Structure formats: structure tokens, C-alpha cells
Amino acid sequence: SQQGEEDPQALSIQEGENATMNCSYKTSINNLQWYRQNSGRGLVHLILIRSNEREKHSGRLRVTLDTSKKSSSLLITASRAADTASYFCATDARWGTSYGKLTFGQGTILTVHP
Amino acid sequence: KAGVTQTPRYLIKTRGQQVTLSCSPISGHRSVSWYQQTPGQGLQFLFEYFSETQRNKGNFPGRFSGRQFSNSRSEMNVSTLELGDSALYLCASSQVQGDTQYFGPGTRLTVL
């Protein structure tokens with residue numbers, strides 16, 4: 001079963017606009033990771049944010065984490081057609097539990113129109 | 001460094017057969033995790049191996065098994081295939097728990 005919920009399930013925007021995706025989860029975590037997947041291929045790692053961090057940036061990506069609300073958001077600025085993909089959040093449980101297991105949300109399908 | 005590799009990339013099997021999928025982790029990574037992705041259930045954790053030991057297992061029937069070799073390469077086996085086993089099987093490697101998991105391209109299994 002999926003731990004998290006992602007919102008929205010689908011997002012359609014124009015090139016140059018910003019895209020925001022939200023993720024909620026249920027249990028205590030060690031870190032939260034965001035991944036991108038193109039057309040049923042492998043997952044590409046985007047960013048990892050640890051439970052003691054509140055915000056992280058990587059290029060055009062900005063991730064926030066609110067552990068009190070058990071939620072995270074991914075912002076993609078100045079989107080490009082090449083950003084069209086499915087985006088997943090995945091949580092890694094606390095140290096010493098649930099080894100090697102990431103629990104994924106159901107994903108957000110992002111479509112960026114040229 | 002080379003990324004995670006998975007072989008084969010595509011497989012077609014019939015019900016009742018068995019299948020073995022292979023995963024080579026990034027050099028130096030000792031943890032290998034396997035996931036199943038289907039349209040209905042999404043991404044689900046199968047199991048994780050570290051230093052040839054299974055440390056964690058997801059909620060899958062015993063037909064799903066795996067192993068890890070001393071060079072950290074891992075295989076998973078599915079016996080007595082069912083139609084519902086059709087999925088994209090992904091493996092991921094990481095150095096230690098809590099670290100980034102890097103995924104391979106996946107093996108697309110179709111069961112007829």
C-alpha cells in the first residue's frame with residue numbers, strides 16, 4: 001500500500017510556468033526523496049531532503065519539508081517541455097527500521113506544453 | 001561510475017513459468033532493493049539485500065524470492081508466474097541506509 005498521497009494527480013502547464021507538486025505521508029521518516037519517471041522507464045533521482053532539513057534547492061528544483069504536517073512539496077521553476085514526466089515522492093523510514101524500503105506516493109503526472 | 005544495470009530489459013513469459021531477473025548495483029553499493037511497479041498498485045517494495053543477507057521483505061507471496069552475491073549483484077526470481085505478475089521490476093542500490101537509492105532502467109515482464 002502507498003504511504004503517501006500526492007496532489008495533484010495530474011498537472012498541465014505551459015513552458016516557462018512553475019509547477020508545484022505536493023506529497024503527504026503518514027509515519028516518521030529519516031528522509032524524503034523525489035524521483036522523476038519518463039514513460040515507464042527507470043526512476044531518476046532528483047533530490048533528497050532529510051528530516052532535520054526544511055528546504056533544499058537543486059538547479060530549478062526547490063523542495064520543502066514540514067515534518068509537523070508530514071508533507072513535502074516540489075517546485076519546478078521555469079518549466080520546459082523536457083520536464084514532462086511522472087514525479088514521485090518516496091519516504092525512507094527512521095534509522096534501524098524498514099531497511100532499504102522506500103514507500104512511494106502514487107505520483108503526479110506533469111505535462112508541459114511547448 | 002556506471003549506473004545500476006538490469007537484465008534483461010524485456011521478458012515475455014507464459015503462466016506457470018518462472019523467471020529470473022538480474023541487477024548489478026553501482027560499484028561500492030552494498031544495498032540492493034527491488035520494487036514492482038504496476039498501474040493499479042503503483043510502486044511496491046519487494047525486498048532488500050545487504051551483504052548477501054535479506055534484511056527486509058515486502059508483502060508479496062513466497063513465489064517472489066531473491067538473493068545477493070558476494071559482489072553485491074542481485075537476482076530476483078518469480079516462480080509459477082501469474083498474469084498479475086506483469087509489471088515493471090526495478091532495482092535500486094545505495095551505499096547505506098538513509099542514503100539516496102539509485103534506480104536501474106527496469107525489466108518489463110509480460111505474462112501471457
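Just the heavy atoms: all of them, side chains too, but no hydrogens, waters or symmetry mates, feed the values below. Chain naming here is simple, since letters A, B, ... match the order of the sequence lines and numbering starts at 1 in each. Keep in mind the model is a prediction, meaning the values are calculated, not measured.
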Visitor: Is B:Arg9 close to chain A through its backbone or its side chain, or both, or neither, when contacts mean heavy atoms under 4.5 Å?
Guide: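 Contact with chain A involves no heavy atom of B:Arg9 at all.
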Visitor: What part of B:Thr100 is in contact with chain A, defined as an atom under 4.5 angstrom from a non-hydrogen atom: side chain, backbone, both or neither?
Guide: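 Both parts, backbone and side chain.
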Visitor: Using the ring centroid of each side chain, check whether A:Tyr35 and B:Phe103 are separated by less than 6.0 Å.
Guide: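 Yes - the distance between ring centres of A:Tyr35 and B:Phe103 falls below the 6.0 Å cut-off.
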Visitor: Of the listed residues (B:Tyr35, B:Tyr102, B:Trp34), which shares the most heavy-atom pairs with chain A below a 4.5 Å separation?
Guide: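 Most pairs with chain A among the choices: B:Tyr35.
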Visitor: Just checking, any donor-acceptor pair under 3.5 angstrom between side chains of B:Gln37 and A:Gln37?
Guide: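 Result is yes, a qualifying pair exists.
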Visitor: Could you check whether A:Asp66 pairs with A:Arg54 (Lys NZ or Arg NE/NH1/NH2 to Asp/Glu carboxylate O, under 4.0 Å)?
Guide: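 The answer is no: the pair does not qualify as a salt bridge.
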Visitor: Looking at chain A, which one of B:Ala92, B:Ser31, B:Ser94, B:Pro105 has the largest number of heavy-atom pairs inside 4.5 Å, strictly under?
Guide: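 Greatest number of close heavy-atom pairs with chain A: B:Pro105.
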Visitor: Please classify the contact between A:Leu48 and chain B as side chain, backbone, both or neither, with a heavy-atom cut-off of under 4.5 Å.
Guide: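 It is the side chain, since no backbone atom gets that close.
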Visitor: Identify whether NZ of Lys or CZ of Arg in B:Arg55 sits under 6.0 Å from the centre of the six-membered ring of B:Phe50 and within 45° of that ring's axis.
Guide: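 Here B:Arg55 passes the 6.0 Å and 45° test against B:Phe50.
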Visitor: Applying a strict under-4.5 Å side-chain criterion to I, L, V, M, F, W and Y, I'd like to know whether B:Tyr49 and B:Phe64 cluster together.
Guide: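 Cluster IDs for B:Tyr49 and B:Phe64 match.
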